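Predicted, not measured: the structure shown is a model, and the values here were computed from it. In what follows, chains are A, B, ... by sequence order, proteins preceding strands, each numbered from 1.
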2 protein chains.
Amino acid sequence: MTDESAQPQRNGTLRPTLEAVAELAGVSRATVSRVVNGGTGVRATLRDRVQRAVEELGYVPNQAARTLVTRRNDAVAVVVAEPESRVFSDPFFAQQLRGIGKELSAADSQLVLLLVEDSGDYQRVGRYLAGGHVDGALLFSLHQDDPLPAMAHRVGLPTVIGGRPWAATDRDQLYVDTDNRGGARLAVGHLAALGRRCIATITGPLDQTSAADRLDGYRDILPDGDPQLIAESDFTQEGGGRAMAELLARRPDLDAVFAASDLMASAALRVLREHGRRVPQDVAVVGFDDLESVAAWTDPPLTTVRQDIEDMGRLMARLLLRRLSHDGGADAARHSPASVITPTRLVVRATA
Amino acid sequence: MTDESAQPQRNGTLRPTLEAVAELAGVSRATVSRVVNGGTGVRATLRDRVQRAVEELGYVPNQAARTLVTRRNDAVAVVVAEPESRVFSDPFFAQQLRGIGKELSAADSQLVLLLVEDSGDYQRVGRYLAGGHVDGALLFSLHQDDPLPAMAHRVGLPTVIGGRPWAATDRDQLYVDTDNRGGARLAVGHLAALGRRCIATITGPLDQTSAADRLDGYRDILPDGDPQLIAESDFTQEGGGRAMAELLARRPDLDAVFAASDLMASAALRVLREHGRRVPQDVAVVGFDDLESVAAWTDPPLTTVRQDIEDMGRLMARLLLRRLSHDGGADAARHSPASVITPTRLVVRATA
DNA sequence: TCCATGACAGAGAGCGCTCTCACACGCTCT
DNA sequence: AGAGCGTGTGAGAGCGCTCTCTGTCATGGA
């Protein structure tokens, strides 16, 4: 019927436009637009007529056209920098993503996932962020000199960072982080309270703030500890196993280990067993993360520090959305949200 | 300098447009556009001049405007339906996503992740897919009566499905699946070859083709097996443990178990130990998936069926991109890609 | 009775980009 | 010398939508 004023579609059929709906309903484009966007200020009879036309034609607004004029995308980018490929296969991140997804979809925003595999990708991602595809960005697993926050700031894109960044590029750079230091204190304090005298730790990569903060927590409790009791590792099982073996070689007398991730703790458990140590009788072990598929399933079940990962993701999304909403307002600074540190708690199972 | 012909930006600064670049370079919009899109057919001197202007202004094309006229988004949706919240925290999916991300970014396409949490989300996602935000979609973890493939087909959006769908809505609906049946045959065949006589299986939820296919593979090897040896479960550790206990109660004489996922196998291992069975001496166990963080770290290390998960993701993306590229061509059908079944292989460790 | 008022509806100007078309120019071929 | 050609470049028409501005009509008060 209204063959003109409709856009060609991939499969050859025509996709209806505002124009087509307007024609069918016998009104102007403006009126259809009003109805589609809430329908206020349109008489009921007309509104119904338009709605029927929309229905009949199966009209769906073209987002590109809309974005072009409104400058809103209703989309948020999630950028994951993981040159080492590790971060992403980690259930940790998946859970955060879930929280983010829930929160964004509640706000009718889309989640655009950008993966940075190698350094060449930074350019691509930077272009994307600058290209106005998204209203804001959530940045993950940044390294010490990550260029992304600065890029985003340059193009004026609101961002929230997952995990405490090393340095704030921007006075009011928002971030959400776990209380890594407090959690580590909880873990090490627990070991000390059990009467353990020689408490070692396996750290994550110390160029990440989460790893550094957990080590700081360990030192808070053991300020005069032997540096031999600290083994730097990388949060993975392989690395954790190696670190455990090293610690045993350096200090065979150790009677407790705080591993800064559950994956490392699970590997430590195995290495301890291979070396004839009983857990927890000879050596007590505490992990960090409380990953569902790991902590409760080690043998014996792992005592660990729990963080509500999904909630962190949710929080990040909420922070960003809130910032977007009072964007530019005169009192933006006054009402603007602040960074959040989520609490941790100790989950005592059988290894300590 | 060129204060007009620039778009206002979130943070108050102006974002340069084609027009601004053209003015600065002293050429027309068309020429700038040509340079930005490859630069063919433009004299070198002019091209340089334009490129300098682009640089100086920090010009980035506005994607919405571009999409509006080209009807390409250079973006692909990945839709994950996971009402049960399980699928997503599964490392399985994360790995696939990685493969997809790599392949898409190589093609300069963006990955837009859509999560379907509850049935209300279907509408939102459907609207999004119909709204022309993306050039195609990758659909995951569909249930028997999932409306998404039909929705996508209706609006003419090319799709590739992850895992074999129950029924093809469309003659040439593409999908990528693991050789679940063959993998199961490998596993059960191995157990039989070891001389095991009473081989049980723990299945996934049988309304998913992957679970059903793995059970079929089991039956291929044991066509006359006792139905008592088959316990339906849900791919999770909790479910796997329950199923294992049930099997032991029904058939205490079982001497082998094929668990249709590594998570279930790891739980089975623990339950077997709790019941005083030695693995593999008393009961041999084979899993499925070869998840990095699980299979190699159980005690003893799990014999399992390996599938290249990341590669599956990569394949899906490639299939979709190829379909998009000869979209509409007269010989689309002739050259069009076909669905793919990726091979599996048995990884023998210590449990069988 | 006439004008001020408010509630709707329509006309039309862009948003920033791509792409077709027409034109200009320098060259070769007859 | 003139026609024909190929290569660059510019002008301009949209893509589908939103939003301001203007116009219309019914209502109520002076």
Visitor: For D:dC15, does either OP1 or OP2 sit under 4.0 Å from a side-chain N or O belonging to A:N62?
Guide: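 Looking at the OP1 and OP2 atoms of D:dC15, neither is under 4.0 Å from any side-chain N or O of A:N62.
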Visitor: Let me have a per-nucleotide readout for nucleotides 4-11 of chain D, 5' to 3', with B, S or -, counting only protein heavy atoms under 4.0 Å.
Guide: ----SBBB
Visitor: For A:R47 and C:dC8, is the shortest distance between a side-chain N/O and OP1 or OP2 below 4.0 Å?
Guide: no
Visitor: Is there a donor-acceptor pair under 3.5 Å between the side chain of B:R154 and the backbone N or O of B:A130?
Guide: no
Visitor: Among D:dG16, C:dT18, D:dC17, which nucleotide sits nearest the side chain of B:L18?
Guide: C:dT18
Visitor: Which heavy atom in A:R71 sits nearest to a heavy atom in A:L68, and how many Å separate them?
Guide: NH2-O, 3.9 Å
Visitor: Could you list the donor-acceptor pairs under 3.5 angstrom formed by side chains in residues 105-115 of chain B, with sequence neighbours left out?
Guide:
from, atom 1, to, atom 2, distance (Å)
B:S105, OG, B:G101, O, 3.4
B:S105, OG, B:K102, O, 3.3

Visitor: Starting from P on D:dC17, measure out to CD on B:Q63 and report it in whole angstrom.
Guide: 18 Å
Visitor: Nearest whole Å is fine: how far is C:dC17 C1' from B:D74 CG?
Guide: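 In whole Å, C:dC17 C1' and B:D74 CG are 14 Å from each other.
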Visitor: Looking at A:A64, is its backbone amide N or carbonyl O close enough to the side chain of A:N62 to form a donor-acceptor pair, meaning the two atoms are under 3.5 Å apart?
Guide: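 Yes, A:N62 side chain to A:A64 backbone: donor-acceptor pair under 3.5 Å.
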Visitor: With respect to the phosphate group of C:dC15, does any side-chain polar atom (N or O) of A:R66 fall under 4.0 Å of OP1 or OP2?
Guide: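 No, because none of the side-chain N or O atoms of A:R66 sits under 4.0 Å from OP1 or OP2 of C:dC15.
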Visitor: Is a side-chain donor or acceptor of A:T159 paired with a backbone partner of A:L138 at a separation under 3.5 angstrom?
Guide: no
Visitor: For A:R71 and C:dG14, what is the distance between atoms CZ and P respectively, to the nearest whole Å?
Guide: 14 Å
Visitor: Figure out the CD/C1' separation between A:E23 and C:dA9, and round it to whole Å.
Guide: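 So the two atoms are 18 Å apart, to the nearest Å.
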Visitor: Given atom CG of A:L68 and atom P of D:dG16, what is their separation to the nearest angstrom?
Guide: 12 Å
Visitor: With nearest nucleotide decided by heavy atoms, which residue, B:V69 or A:N37, maps closer to the 5′ end of DNA chain D?
Guide: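 Nearer the 5' end of the strand: B:V69.
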Visitor: So, does A:T67 use its side chain to make a donor-acceptor pair with the main chain of A:Q63 at under 3.5 Å?
Guide: yes
